[in-house]
Amino acid sequence: MQPRKPSIVVVGGGVTGAAIARELTRYRVSVTVVEREDDLARGASGACGGVIHSGFDPAPGTLKASLNVIGNSLYPKLADELGFAYRRTGTLILAFDPDGVTRLEEIRGRAARNGVELETWTRDRVIALEPNANPGVLQAVFAPSAGAVFPPEVVLALARSAALNGARFELETEVTGIAVNRGAVAGVETTRGFIPADIVVNAAGVDAAAVAAAAGDHTFSVRPRKGQQVILDKRYGSIVARHIMTLPTRMGKGIGVAPTVGGNIHLGSTAEDGVEPHDVTTTSAGLDWIFENAKKLVPCIERDWMIASFAGVRAISDTDDFIVRESPAVERLFNVAGIQSPGLSAAPAIASHLVGVMVKAGVPLEPEPGFRAFLDPPIVTSRMSTSEWARLVAGDPSFGRIVCRCEGVTEGEIVRAIEGPLGARSIEGVKRRTRAGMGRCQGGFCGPRVAAILSRRLGVPLWKVRRRGAGSELGVGPAKCCLRGGVGAR
Amino acid sequence: MRRSRADVVVIGAGPAGLAAASAAREVGARRVVVLERDERAGGILPQCVHTGFGLRRYGRDLAGPEYAGLELARALKSGAEVRLDCCALRLEPGGGVRRPNAVVAVSPAGLEEIRAPSVVLAMGCRERPAGSLGIPGSRVAGVMTAGTAQRLINIAGIMPGRKAVVLGSGDVGLIVARRLALEGATVAGVFEAVAWAGGLPRNVSQCLCDFGIPLFLGHTVAEVHGRARLEGVTVCEVGRDMRPVRSTAREIACDTLLLSVGLIPENELSREAGVPISPATGGPLVDECGASLTPGVYACGNAVYVHDFVDDVTTEGEIAGAAAARFALGESGDRRRDGCKMFFREGRNVRFVSPAFVRLGRGRAWPSLALRSRRPAANVTPVFRWEGGQCSGPDLEFVNPGETIRLNLPVEVRGLIESDTRRDVTVEVSLESQ
Amino acid sequence: MADLVCVICPGGCRLSAGDAIGGRGVAGARCPRGMEFARSEMGAPSRVFTGTVRVSGGALPVVPVRTNKPIGRGLLSECSRVLAGLTVSAPVGTGQVLLPDVLGTGADVIATCSVEAARRGC
């Protein structure tokens, strides 16, 4: 008789939780991910620029440094297995004064100790290859291994792969307590009931310390750091070919101008301490700072080019390093906390590192021979050749009906995004899965059409279709509801 | 991929595209195909349930859907093919009658390429979205453009909110404010950053004044609040630097923020095809017939510049469609295309002039110019300046940035066109206050 | 004296109306309809009502409507409330009278667009 499979609850559906869930399904375990929001990647993972950092920046010897470098090296294969967009862009760090040139020297030293390849570029080379870069540059270093992804796409692909391999995802499920029995975890209390567990992985991002505390573990703290960011219109998507950034500061990586896999430019981010844990508001000071500093790197950037701005809150641990360990206070509680930037880059490595930590802690992890690494490739008509697309439309005409004009997304893709595993439940969910509404009109034209498709497929009245989570319904009622009194009298 | 040929391909079945297609057929083009990406024809008109359309052309006060219905019926009767749910993906300019342009489109029927000597760009315009403003605060539901709200109310049949604030005083915002009021919602006010309304005075009168909706000039929305849905906005006066004055901040509870902060000609297809675009209008640089600087490529309607009246869009669409058909049929010689041009340049207090140029030739009706001012002004003289000369047009009692001004070219400027010039001429148009 | 903006056509003439009697003293109108507008505005202002009416069994949930002639400006909101209580069955044709003599004004509420009956499925 086979022994009962250990049951593992992962708290948090960001990139860390999703990568861990997928990694754990390589073993004979039962995995459940609980996520408070109605979709994955709704916290810091979904609100970052999507740069896969090379790993020159973190202090040598830290977990952050080693997992960043390993994570970066895992991305090309992961992109191949899961079918998400990944492009190697490289990072170019510019120095504008002699002091900066000295600091580039420090970066080269740090990169060498982290095992990251760097090239030194002269001013002429920078100007020749990035003609829009500030001509005041004196010298630069280039890290060729840096890349770009669309973060929600990565998180959703990891989660779909985990689900394909048997992981369960409980959305809109908030952890209210951790049950501890004789010093070891016994399960998690949630807003949707108790989930028994032999092992709990705490990947709750900015709430990780609170989740640990619920189990009686007060061994670390996490503080929020807000990062405001800006997306520029695709029309200006080729102003830079590489991720260009200023010298890193103590507070973070400095400002970057990054080409995204969707063809836009991402600017950011600010690094603001002393904010509330879920404060994702933008401020005029923050946006001013972004444009002022981005223009120092690429002077031609105009504020008019902005199509979106948003903020994410990163979780900074008290050691400033990643925490990936079994709780010293509670057995079988594994904390994966303080996963700030470069958390997206490191996530695949964090997941495999955690498995090592678990094995060392005596968790019996038997390989699951049925693990399937590959996902079916997604259908993205805008990335297809004309003949491929024509064949697809011949088989299913809905792939010939463009719903989102700006990004060229068809009805067929939207229906798939709703009906597939971990399907979209909101307009935002469709946007993250298909890019519908991510273009320059920001859903002005396609929003109502996407909502109509959601309404039909989910069987809810149109006005109840959500933009994002609960409380974000498209309307307040059907036609005439404000004249007839009452809502939904239909 | 299916391949076919046509004389004229029209991109967009709004009022401009439908008029262009009808006119092209009426002057003798054989196959005219209109590509429309929406599931219905008429462009934005089907959601414009208010009246005010057709007074000039039909002498009747029609609602948007009625006007769209008449124009669609006329296009179909003329024999133009109107293809719905069919999205033009790209335009590949060919270079003339012998080397036709190619348009690649997709629809549920498949992908297709249509080669045609003439292509008419009639994609209309779109609203400036919330994201481009970067209003500080949360990203919440309930913030949308006025046009999106109009579509939700008038076509999708849902109420977007119970209490709204409108930012920007463009016509769409004013018209939707009235719709919301009539549907039983409260409109707390229309907030406009500059000192004048963006929309037509008649809309300020019949949409706001009639319903007691206040218009706050020199004000803006400085911040939006709420968790999942909008709960309120902070409004402020605007300082001389056009930024909010924080000391004047006040909060307004609302569940909806509508934006009516500008319309932008929709020209991604034109840009990608390399059709020269005017920085002043955001539309293709066209002559008095709608011909762009790319051979065989014509443009009309709000894709060229944002018009006040649909009646004018129809008229200009007809001119462009007829010219496109004549080009396809080889009736307008290459001489004109290569000939000299008179370009119009925006001068003092002029935001844009359309057409951007006229071709210097014989026997043509000289066009009137459409222009908009940057600021309101009273007792204004239109002044035309060129190398070695200037003249002025009849005085205007007042100009208002929200209203298009139509000027006939003064006789001196016409003379310049008719004189034996062998090079391009540039005329700067200014609106000068006395 | 009263300053008005003519709303008859999109031309939006700025009118100054003096003595209301007989519309004398109206300045700024570029056409006779403006004179008439000013006269009516000084006495009993009227507007064409536009809006929507709910449709059952249609391809769209609402149909756009207008009154076939102007009604008293003060009746616009009341007219909207009356129409909120009305549901018509698809199909609806352009020009079809959906409510005759609304509020006793003598004006009929007519559809400005057709709405077909809903197709089955989606």
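Each chain gets a letter, A, B and so on, in the order its sequence line appears, and its residues count up from 1. All figures in this text were calculated on a predicted structure; none of them were measured in a lab. What's counted below: heavy atoms across the whole structure, side chains too, no hydrogens, waters or symmetry copies.
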Problem - Stepwise salt bridge (charged side-chain N to carboxylate O under 4.0 Å, His left out) test for Asp233(A) and Arg128(B) - result: CA-CA 12 Å; Asp233(A) 192 314; Arg128(B) 190 166 167 211; over 6 Å; no

Exercise for the section: Check the pair Leu474(A), Met144(B) against side chain to side chain contact (heavy atoms under 4.5 Å, CB included), reporting the backbone distance first and the verdict last. Expected result: CA-CA 10 Å; Leu474(A) 191 57; Met144(B) 65 190 88; 5.6 Å; no

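- The CZ atom of Arg440(A) lies 9.5 Å from the CD1 atom of Ile264(B); values are rounded to the nearest 0.5 Å.
- A pairwise comparison of heavy atoms in Arg401(A) and Pro108(B) identifies NH2-CG, 3.6 Å as the closest pair.
- Judged purely by atom type and a 3.5 angstrom limit, Ser472(A) has no side-chain atom pairing as donor or acceptor with the backbone of Ala141(B).
- For Arg151(B), the part lying under 4.5 angstrom from a heavy atom of chain A is the side chain only.
- From Thr381(A), atom OG1 reaches atom CG of Leu111(B) across 9.5 Å, with rounding to the nearest 0.5 Å.
- Of the two parts of Arg271(B), only the side chain, counted from C-beta on, holds a non-hydrogen atom closer than 4.5 Å to a non-hydrogen atom of chain A.
- Side-chain atoms of Arg139(B) do not come within 3.5 Å of backbone N or O of Thr281(A) as any donor-acceptor pair.
- Comparing Arg467(A), Gln442(A), Arg405(A) by how many heavy-atom pairs each has under 4.5 Å with chain B, the most go to Arg405(A).
- Scanning all heavy atoms of the two residues, the minimum distance from Thr148(B) to Pro448(A) falls at CG2-CG, 4.0 Å.
- To the nearest 0.5 Å, atom OG1 of residue Thr386(A) and atom CE of residue Met1(B) are 5.5 Å apart.
- Under a 3.5 Å cut-off, the side chain of Ser309(A) and the backbone N or O of Gly134(B) do not form any donor-acceptor pair.
- Considering every non-hydrogen atom in both Cys482(A) and Gly161(B), the closest pair reads SG-O, 4.2 Å.
- Glu473(A) contributes atom CD, which lies 11.5 Å from atom CG of Asp255(B) (distance to the nearest 0.5 angstrom).
- For the atom pair CD (Glu268(B)) and CZ (Arg235(A)), the distance works out to 4.5 Å, reported to the nearest 0.5 Å.
- Distance check: Cys406(A) SG to Arg126(B) CZ gives 6.5 Å after rounding to the nearest 0.5 Å.
- Nearest heavy atoms, Ser107(B) versus Val393(A): O-CG1, 3.6 Å.
- The two residues Ala228(B) and Ala470(A) make their nearest non-hydrogen contact at CB-O, 3.2 Å.
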